[in-house]
Amino acid sequence: MIEVSLDPNTGIATLTWDVAGLPVNVKNRAAIAAFVDAVDAVINDDNVKGVIVASAKKDFISGGDLDELRAARTPDAALELVKAIGACLRRLETCAKPVVAAINGSAIGGGLEVALACHHRIAADNEATRIGLPEVTLGLMPGAGGTQRLARLIGIAQAAPLMLEGKLLKVRDAAALGIIDEVVPAADLLGAAKAWLLAAPNATQPWDRDGYAVPGNDPQSMKGRLFFMGAWPKLRRKTSPDDPAAGAILQALHHGVERGIDAGLKIEARLFAGVASSNVARNKINTLFYGVNSARRLKARPAGIPSFKPKRVGVIGAGLMGGGIAHTAARAGLEVVLIDATQERADAGLAAIRKNLAKALERGHVTEKDMVSILARIESAADFGRLAGVDAIIEAVVEREDVKADVTRRAMAAAPGVLFASNTSTLPITTLANLSPVPGNFVGMHFFAPVDRMPLLEIVRGEPTSDAAVAKALDLCKILGKTPIVVRDGRGFYTSRVVGAYTREALLLLAEGVPPQVVDNVAINAGMPIGPLAMADQTSLDLLLDIIGSLAGESKKQEPFVRALHVLDRLSSHLERRGRKVNAGIYDYAPNGDKTAWAGLAKEFPATSSLPGETDIENRLLHIQALESIRAMDEGIFEDPADADVASVLGWSFPSSRGGVLSHVDGVGTAEFVRQCDELAVRYGDRFRPPQSLREMAEKGLRFCDRTGNAHG
Ligand code: NAI
């Protein structure tokens, strides 16, 4: 696991990480125990004059074992996971022998913490290497000295954003910040490490030297105090109140760095223990790591179908979505034929992509060379004949069945038999597939806007859709870098159906006279990035009238649809308040984008005698999403509860601190959730009546995480 070799001529010992049976050096219990033994052996061996920490894998060392972490339910259990490595790293950096990290590939999380405890860090010049402490993205924080050493090495103001945002740096950027001391060609890495050890026999850490001061500003100085005075409110604005990780990192910096390193390390460990044993961390690990990874590994791919390797794809419709899809495909290395009804419109679509890329170039997200080659891969055309020879086609034309049917037929004539995907947001895939000359090749690929940034892709299987088409759509999804869920056809598929129910509930609250800021703030306090009514204005109220109307189907004339549709109809058709696009919707918008609730709402939707309290509002907004998801699962739209969790977090930013819509039920407790919904049903309507399947789960004491393969409670 940790190979120790000693060069008798120089006295240099090399500790090489090679965790057995895994592609990366995960810092699990066994690896840590082996490393601690190896460190103690070299410290105690008088023949050893210097130490190299290296890796035999492609990457350096990764973070802790997430399975071990999510099983740690108490602060003591979490502390147990970092105690030994924390103490060992302190012994290593104070052992009076020089220690160097030879960073051959990525050093992330716990891996970087090991490197930070070395006196010197040399990295191989490798484009693919990433350096950082991204624990916060999984609801965690560094627990083996990362916060304390990084801040003492490069200063609090530089270290804080890296840890609070979980940024990963390229080697040269990490070197520019002072995290890496030297960058050398990969072949010279060990040689450079040896040379440094021989040249620095008396190395110590800066923070163990007399007269050490934190670079930049000490937390106690005026500048330091000003930094924290600004950092706390900023953090509160940026992070969900129920997510403790970022706050704990800032606390470790605030209170840890003003003390000596040993006290700072203790403070960090205590904060880590609380954060790592929290439900939030477990929820995030379950959904953002296990759920997302198994989706990305294409767990839903039908077996036995050869891998699909498209080179050239057609995209029909060069509007907002088609342009985004073409851009994403070209960025992923595919050749793209971008078709619209006229050459002018197709060219306009390509021009919009060019503009988008120019912005990305300005922000440093793409290089000029990449931009040129991405654009060179896209051909704009009006002639469907240009589709000859493509391997797959995705249509994103206007949302009309007749137009979609027409382009499907014309595309299939030009490229017979290839995969044909529709990005429709509301039309049934089964109906569209049956209008295609090759129904088996027809599948739904429902992207989210903006396509180049939104990670989720909802793949919809219509009745005639073949297994091969689903497999191909999944392979294409992987190439496009998206995370898929595969669902069956049904009104609103999965995602639009649940977002529809959520928006509808917010509109009902508005109809009851609850001020929109109250509804939106409750949602934001619950962890949503934006309130549902502000979101409704962004979508535009006339479009929502169509979407919610189409989701209602035959139930249009029944509650709860009647009241929600009335609100939309009243605002958009009668009062011309169509939303953000006309600066007038549920809110009024000032030219600078500031919004205030429209003053006419109280007259239009007078308050009912008793307004619901905040807990009721929160439960109504969140529980309705879970109930709609359970109904969709009961109808066979999807099977694995993890799909709902992943889709809700990636698709519409359901708070990842709760793990997603169905983990939310687990968090409340199944029986308690049923009880709360029964109560809501009495007060607000039958839409809150829990489905029978949920009552049965509650009776048996089952949770959704018991029903999924990749997450356990
Ligand atoms: P859009 O109006 O921006 O683009 C539609 C494009 O289709 C236009 O460029 C239009 O010229 C072109 N078009 C119309 N008839 C055509 C024909 N016969 N042949 C070739 N091109 C034709 O609309 P958007 O927003 O891009 O939506 C496209 C599709 O994506 C719709 O089905 C929509 O429901 C769906 N969708 C939209 C989302 C959104 O957030 N806007 C999200 C997910 C799906």
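Whatever order the structure lists ligands and atoms in, that order sets their numbers, starting from 1.
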Contacting atoms of ligand 1, where contact means under 4.0 angstrom from a heavy atom of H446: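 Listed by number with element: 43 (C), 44 (C).
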Those atoms of ligand 1 less than 4.0 Å from some heavy atom in F447: 42 (C), 43 (C)
Is it true that [Y] and [X] share a donor-acceptor pair across their side chains at a distance under 3.5 Å?
| X | Y | answer |
| --- | --- | --- |
| S540 | R578 | no |
| N283 | S663 | no |
| D640 | T708 | yes |

So which protein heavy atom does [atom] come closest to, and at what separation?
| atom | result |
| --- | --- |
| atom 16 (C) of ligand 1 | V397 CG1, 3.9 Å |
| atom 40 (O) of ligand 1 | A449 CB, 3.6 Å |
| atom 42 (C) of ligand 1 | M321 CE, 3.5 Å |
| atom 2 (O) of ligand 1 | V398 CG1, 4.4 Å |
| atom 44 (C) of ligand 1 | N423 O, 3.2 Å |
| atom 3 (O) of ligand 1 | L320 N, 3.0 Å |
| atom 20 (C) of ligand 1 | A341 N, 3.4 Å |
| atom 5 (C) of ligand 1 | A396 O, 3.7 Å |

For atom 11 (O) of ligand 1, the option (of E399, R400, R345) bearing the nearest heavy atom: R345
Nearest option to atom 9 (O) of ligand 1, as decided by whichever heavy atom of T539, D340, L543, V407 sits closest: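 It is D340 that holds the nearest heavy atom.
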Short side-chain to backbone donor-acceptor contact, [X] and [Y], under 3.5 Å:
| X | Y | answer |
| --- | --- | --- |
| N441 | F420 | no |
| E335 | I378 | no |
| K482 | V451 | yes |

Heavy atom of E395, distance to ligand 1 below 4.0 Å: no
Candidate list D520, T596, D537, D594, test side-chain hydrogen bond (donor to acceptor under 3.5 Å, both in side chains), partner Y587, passing option: D520
Non-hydrogen side-chain atoms of L510 and V519 separated by less than 4.5 Å: no
R410 N/O under 3.5 Å from ligand 1 N/O: no
N/O separation below 3.5 Å, D406 to ligand 1: no
